Amino acid sequence: QHEIFERNKELALAKRTLPIKIDEQKQRVAECERDMEYLKIHRRTYSEEERRRIRKTIFHAIRDNRNNPEETEVLKYNGFRVVIPAYMVPRSDKIKETAADTGDEVTSVTCKEISYVHLINNGCYYLEIGNEAGITKRLDNFFEKFDRQKENRANVLKNLEARLKDLEDI
């Protein structure tokens with residue numbers, strides 16, 4: 001009987017909180033739509049010298065601001081603020097390697113640190129940063145495939161709405 005009580009309590013909480021989450025997600029989708037329009041106007045091509053400077057600036061800012069209690073705005077790229085979040089600590093990722101003698105894929109005990117930044121305009125977007133050499137390429141790929149951001153946010157919204165409908169049917 002205690003389990004039924006706990007289950008009903010969880011359902012009641014979900015029914016109260018899901019509409020709030022849905023409204024927040026609708027806001028994220030709208031922000032993303034505004035950012036898509038913004039990019040149509042403000043997207044630009046950077047020279048090799050600018051790209052080199054941008055790579056170095058972001059790389060050094062990440063290195064210098066790990067675990068900083070304040071977020072750090074580094075620069076703007078295509079009009080979006082590139083920000084090192086407060087308390088950013090790179091996540092570790094196990095490196096998969098191919099064994100030289102067998103050709104089998106093995107997981108190494110060596111861990112690769114993966115830093116990240118937030119790209120902020122109307123919305124806020126997470127972007128992992130690998131090594132210094134790939135920073136501007138990652139930024140370019142992010143903006144080239146920006147429509148995926150909206151798709152992802154719209155899918156989350158659809159799932160939240162379906163979950164709420166399912167709860168209302170209970």
Side-chain angles (χ1 to χ4, degrees), residues 2-44 46 54-55 57-59 61-94 111-130 134-170:
H2 177 71
E3 291 172 7
I4 293 171
F5 173 77
E6 287 299 318
R7 173 83 172 128
N8 287 339
K9 194 166 105 176
E10 288 174 16
L11 289 173
L13 178 63
K15 284 181 181 179
R16 282 195 317 271
T17 58
L18 270 175
I20 296 166
K21 290 179 181 180
I22 288 170
D23 288 342
E24 290 170 347
Q25 194 62 26
K26 284 179 180 176
Q27 180 66 33
R28 287 184 190 101
V29 170
E31 291 167 349
C32 194
E33 288 170 345
R34 288 193 305 273
D35 285 339
M36 288 174 80
E37 291 303 313
Y38 180 88
L39 269 175
K40 288 178 184 175
I41 299 167
H42 294 91
R43 187 140 184 231
R44 61 170 287 219
Y46 293 88
I54 288 165
R55 279 192 302 269
T57 302
I58 293 173
F59 181 77
I62 288 171
R63 183 193 63 202
D64 297 343
N65 287 286
R66 287 182 176 195
N67 213 16
N68 185 344
E70 303 284 327
E71 79 172 21
T72 304
E73 184 171 337
V74 181
L75 50 78
K76 286 195 174 188
Y77 195 85
N78 286 326
F80 283 63
R81 296 183 307 130
V82 177
V83 175
I84 311 294
Y87 298 104
M88 191 281 294
V89 177
R91 71 175 183 80
S92 294
D93 197 21
K94 290 182 181 174
C111 287
K112 175 182 173 186
E113 284 191 345
I114 299 176
S115 301
Y116 58 93
V117 296
H118 288 162
L119 303 173
I120 302 172
N121 192 34
N122 290 295
C124 181
Y125 310 91
Y126 171 91
L127 180 67
E128 290 183 348
I129 301 293
I135 290 174
T136 49
K137 185 64 177 166
R138 281 190 166 272
L139 286 164
D140 291 340
N141 288 341
F142 174 85
F143 287 113
E144 284 171 18
K145 299 171 183 169
F146 192 79
D147 56 329
R148 289 185 185 171
Q149 295 294 321
K150 183 182 176 228
E151 288 173 26
N152 292 340
R153 290 168 186 231
N155 285 336
V156 169
L157 176 60
K158 191 168 96 175
N159 291 337
L160 288 171
E161 289 171 335
R163 203 163 139 217
L164 181 60
K165 185 182 180 318
D166 290 345
L167 285 174
E168 289 170 348
D169 293 341
I170 293 176

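Values reported hereafter were calculated over all heavy atoms of this structure, with side chains retained and with hydrogens, waters and symmetry mates removed. Just so it is clear, the structure is predicted and the values come from calculations on it, not from any experiment.
Around atom CD of E3, no more than 12 heavy atoms belonging to other residues, nucleotides or ligands sit under 6.0 Å away.
To the nearest 0.5 Å, atoms CZ (R34) and CG (L39) are separated by 13.5 Å. Atoms NZ and CG, on K158 and N155 in that order, are 5.5 Å from each other to the nearest 0.5 Å. Considering CG of N141 and CZ of F146, their distance stands at 14.0 Å, rounded to 0.5 Å. In this structure, CZ in R148 is found 13.0 Å from SG in C32, a value given to the nearest 0.5 Å.
Between R43 and E144, some side-chain heavy-atom pair lies under the 4.5 Å cut-off. By the 4.5 Å heavy-atom criterion applied to side chains, N68 and Y87 are not counted as neighbours. Contact of the L13 side chain with the K9 side chain is not registered, since no non-hydrogen atoms from C-beta on lie closer than 4.5 Å. Side chains of R163 and L18 form a contact here, defined as non-hydrogen atoms less than 4.5 Å apart. Using a 4.5 Å cut-off on side-chain heavy atoms (C-beta onward), E31 and Q27 make contact. Contact annotation: the side chain of S115 approaches that of I62 to within less than 4.5 Å [non-hydrogen atoms, C-beta and beyond]. Within the 4.5 Å cutoff, the side chain of N67 has no heavy atoms near those of the M88 side chain. Between H42 and Y38 there is a side-chain heavy-atom pair separated by less than 4.5 Å.
The shortest heavy-atom contact between V29 and A154 is CG2-N, 3.8 Å. Of all non-hydrogen atoms in A14 and P19, the two that sit nearest each other are O-CD, 4.3 Å.
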Which donor-acceptor pairs under 3.5 Å do the side chains of residues 121-129 make with protein atoms, sequence neighbours left out?
unit_1: N121; atom_1: ND2; unit_2: D35; atom_2: OD1; d: 2.9
unit_1: N122; atom_1: ND2; unit_2: D35; atom_2: OD1; d: 2.9
unit_1: Y125; atom_1: OH; unit_2: D35; atom_2: OD2; d: 2.6
unit_1: Y126; atom_1: OH; unit_2: E128; atom_2: OE2; d: 3.2
unit_1: E128; atom_1: OE1; unit_2: R91; atom_2: NH2; d: 3.4
unit_1: E128; atom_1: OE2; unit_2: R91; atom_2: NE; d: 2.9
unit_1: E128; atom_1: OE2; unit_2: R91; atom_2: NH2; d: 2.9

For residues 71-86, tabulate all N or O donor-acceptor pairs below 3.5 Å that involve a side-chain atom, not counting sequence neighbours.
unit_1: T72; atom_1: OG1; unit_2: N65; atom_2: OD1; d: 3.1
unit_1: E73; atom_1: OE1; unit_2: R81; atom_2: NH1; d: 3.1
unit_1: Y77; atom_1: OH; unit_2: R51; atom_2: NH1; d: 3.4
unit_1: Y77; atom_1: OH; unit_2: D140; atom_2: OD1; d: 2.5
unit_1: N78; atom_1: OD1; unit_2: R44; atom_2: N; d: 3.0

- [ ] I would like to know whether I58 and T136 meet side chain to side chain contact (heavy atoms under 4.5 Å, CB included); could you show each step before the answer?
- [x] CA-CA 9 Å; I58 293 173; T136 49; over 6 Å; no
- [ ] Would you please test V156 and L160 for side chain to side chain contact (heavy atoms under 4.5 Å, CB included) and show each step?
- [x] CA-CA 6 Å; V156 169; L160 288 171; 4.1 Å; yes
Task: Test log, rule side chain to side chain contact (heavy atoms under 4.5 Å, CB included), inputs R28 and K150 - done: CA-CA 9 Å; R28 287 184 190 101; K150 183 182 176 228; over 6 Å; no
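Aromatic ring pairs are classed by plane angle as parallel below 30°, tilted from 30° to 60° and perpendicular above 60°; the pair Y116 and H118 is tilted.
For K40 and E37, the salt-bridge test passes: some basic side-chain N is under 4.0 Å from an acidic carboxylate O. Taking 4.0 Å as the cut-off between side-chain N and carboxylate O, K15 and E168 do not count as a salt-bridged pair.
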